[in-house]
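These notes concern the structure reproduced below.
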Amino acid sequence: FACLYGLDVLYCTSCLVGNPLPNVIPAVAAGIGYTAVAGTLCTSIKDRFLERQVLPAWSKDTRARNFAVKRGTGIGIWILCILICLETLRIEAGVSVKSIIGLTSIFGIATGFAVKDLASNWVGGLLLFVTRPFVPGDKIEMTRLKQSVVERIGWYHTRIRTFDRRPLFIPNSVFATTPIENPGRMYNRRIKVEIGLRYEDIGRINGITVDVKKMLYSHPEIDQRQTILVNFNEWDSSSINMLVYCFTKTTVWSDWLDVQQDVFLKIADIVSGAGAEFAFPSTTLYPPSMVNPKHPLFAQPDPQSGDPA
């Protein structure tokens with residue numbers, strides 16, 4: 001709108017000084033203004049229609065499709081408005097579409113160097129729409145960003161909400177050069193734990209590992225198509241450690257915690273049923289076989305004075 005206002009001022013000024021500019025300038029100004037108004041109005045109506053009529057009827061698990069439909073229809077509306085504007089200028093003002101495209105290209109190259117960062121963010125927004133590594137509602141994590149929720153993907157920046165509810169605005173160009181981890185796209189969640197047993201239970205650990213493995217292969221919430229490992233794998237300072245490694249079918253964090261708890265309780269029952277116990281950090285002292293009762297450490301205190309005898 002600033003450019004439109006500037007063109008109108010320029011044309012009026014030229015008329016006042018007696019050297020009016022060609023009539024094509026008002027036509028171009030009007031075309032730009034009508035295109036901006038029509039595009040903004042149509043995209044606003046489109047968003048309201050989609051949010052009230054179309055998107056609520058779809059499943060909540062189709063966030064990627066919802067994002068693609070909203071962004072794709074918006075791009076289509078703006079392209080259609082621009083094409084209508086160019087055709088109108090060709091018919092009404094006799095402006096060549098090729099001339100406009102050539103002038104736009106030259107202007108774009110000239111301004112591209114001046115607004116390089118702005119342009120890179122716009123290109124980054126377009127790449128996010130095309131590749132869709134994440135969509136609004138996903139939880140993502142990057143090198144210098146802890147896991148956060150994506151709220152809105154704009155053309156210039158993306159708004160993210162951290163788990164402490166603080167908003168974070170990241171330029172879209174950052175996503176083009178930074179690895180992005182999207183836990184929401186996982187196929188499974190992993191359970192990996194080392195369980196310590198006492199050294200006294202070395203004779204029972206083989207049977208325990210066999211029973212735990214059978215339990216995991218029959219558990220309804222464990223994905224048996226993935227790797228399942230249960231092995232005695234380490235001699236620790238005060239325990240012998242058993243590795244339990246498997247994957248759950250669910251990827252929802254709260255459900256995964258419930259499944260992991262159930263697996264841990266079943267392992268505890270197996271260990272208890274085998275007569276074994278879990279180890280904890282401990283120290284064992286082995287006194288020498290020959291003890292000198294006259295050594296000062298073993299001296300008994302005098303009952304009257306309280307001093308060692």
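- Counting heavy atoms from C-beta outward, R144 and T178 have side chains that stay 4.5 Å or more apart.
- Note on V263 and I270: same hydrophobic cluster, where clusters join Ile, Leu, Val, Met, Phe, Trp and Tyr whose side-chain heavy atoms are under 4.5 Å apart, directly or indirectly.
- Under the 3.5 Å distance criterion, the side-chain polar atoms of R189 are matched with a main-chain donor or acceptor of T251.
- No donor-acceptor distance shorter than 3.5 angstrom exists from the side chain of E221 to the backbone of W256, with no hydrogens or angles considered.
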Salt bridge (charged side-chain N to carboxylate O under 4.0 Å, His left out) assessment of D138 paired with R185: CA-CA 9 Å; D138 283 353; R185 305 276 177 93; 3.7 Å; yes
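- V271 and V210 fall into different hydrophobic clusters, where Ile, Leu, Val, Met, Phe, Trp and Tyr are joined by side-chain heavy atoms under 4.5 Å apart, directly or via other members.
- In this structure, F247 and R225 have side chains that are not in contact, with every pair of non-hydrogen atoms separated by 4.5 Å or more.
- Judged purely by atom type and a 3.5 angstrom limit, T209 uses its side chain to pair as donor or acceptor with the backbone of N206.
- Rounded to the nearest 0.5 angstrom, I222 CD1 and H219 NE2 are separated by 5.5 Å.
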Worked check of side chain to side chain contact (heavy atoms under 4.5 Å, CB included) between D262 and K266: CA-CA 6 Å; D262 184 64; K266 282 181 168 55; 3.1 Å; yes
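- Just one residue in the list V259, D255, D223 forms a side chain to side chain contact (heavy atoms under 4.5 Å, CB included) with T248, and that residue is V259.
- Other residues sharing a hydrophobic cluster with M186 under the 4.5 Å side-chain heavy-atom criterion for ILVMFWY residues do not exist; the residue is a singleton.
- When atom types are taken as modelled, the side chain of N182 and the backbone of I140 share no donor-acceptor pair closer than 3.5 angstrom.
- We find the OG-CZ distance between S148 and R159 to be 13.5 Å, quoted to the nearest 0.5 Å.
- Two residues are said to be in side-chain contact when any heavy atoms from C-beta on lie closer than 4.5 Å; L229 and T227 meet this criterion.
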Test side chain to side chain contact (heavy atoms under 4.5 Å, CB included) applied to R190 and Q226, step by step: CA-CA 10 Å; R190 184 180 68 176; Q226 305 299 324; over 6 Å; no
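- Under a 3.5 Å cut-off, the side chain of S272 and the backbone N or O of A268 do not form any donor-acceptor pair.
- Residues I191 and I228 share a single hydrophobic cluster, defined by chaining ILVMFWY side chains whose heavy atoms lie under 4.5 Å apart.
- Between the side chain of K249 and the backbone N or O of P220 there is at least one donor-acceptor pair closer than 3.5 Å.
- Formation of a donor-acceptor pair under 3.5 Å by the Q147 side chain with backbone atoms of F163 is not found in this model.
- Side-chain contact between P133 and L128 is present, with at least one heavy-atom pair separated by less than 4.5 Å.
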Residue pair R161, L168: steps toward the side chain to side chain contact (heavy atoms under 4.5 Å, CB included) verdict: CA-CA 6 Å; R161 184 77 58 175; L168 184 64; over 6 Å; no
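- Between V230 and the options K214, M242, M215, a side chain to side chain contact (heavy atoms under 4.5 Å, CB included) holds for only M242.
- For the atom pair E181 CD and L145 CG, the distance stands at 11.0 Å (nearest 0.5 Å).
- A donor and an acceptor atom, one from each side chain of S239 and N241, are located under 3.5 Å apart.
- Both W235 and I208 belong to a single network of hydrophobic side chains, linked directly or stepwise wherever heavy atoms of I, L, V, M, F, W or Y lie under 4.5 Å apart.
- Note that CZ of F264 is 14.0 Å distant from CG of D269, once rounded to the nearest 0.5 Å.
- With a 6.0 Å radius and a threshold of 12 heavy atoms from other residues, nucleotides or ligands, Y187 has its OH atom at or below the threshold.
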Side chain to side chain contact (heavy atoms under 4.5 Å, CB included) evaluation trace for Y245 with N231: CA-CA 9 Å; Y245 184 95; N231 294 95; over 6 Å; no
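- Residues that satisfy the ring pair (Phe, Tyr, Trp, His ring centres under 6.0 Å) test with H157, not counting sequence neighbours, are F169.
- Hydrophobic cluster membership is shared by V150 and V174, with clusters built from Ile, Leu, Val, Met, Phe, Trp and Tyr side chains linked at under 4.5 angstrom.
- Here the side chains of Q261 and L257 are not in contact, with every heavy-atom distance at 4.5 Å or above.
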Got a list of side-chain donor-acceptor pairs under 3.5 Å for residues 192-201, not counting sequence neighbours?
residue, atom, partner, partner atom, Å
E194, OE2, N233, ND2, 3.4
R198, NE, D201, OD2, 3.1
R198, NH2, D201, OD1, 3.0
Y199, OH, D236, O, 2.5
D201, OD1, R204, NH1, 2.7
D201, OD2, E277, N, 3.0

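- Listed for the E151 side chain is no donor-acceptor partner under 3.5 Å among the backbone atoms of V149.
- Taking 4.5 Å as the limit, some side-chain heavy atom of Q224 sits within range of a side-chain heavy atom of Y217.
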Intermediate values then yes/no, side chain to side chain donor-acceptor pair (under 3.5 Å), T158 and N172: CA-CA 6 Å; T158 296; N172 289 332; 2.7 Å; yes
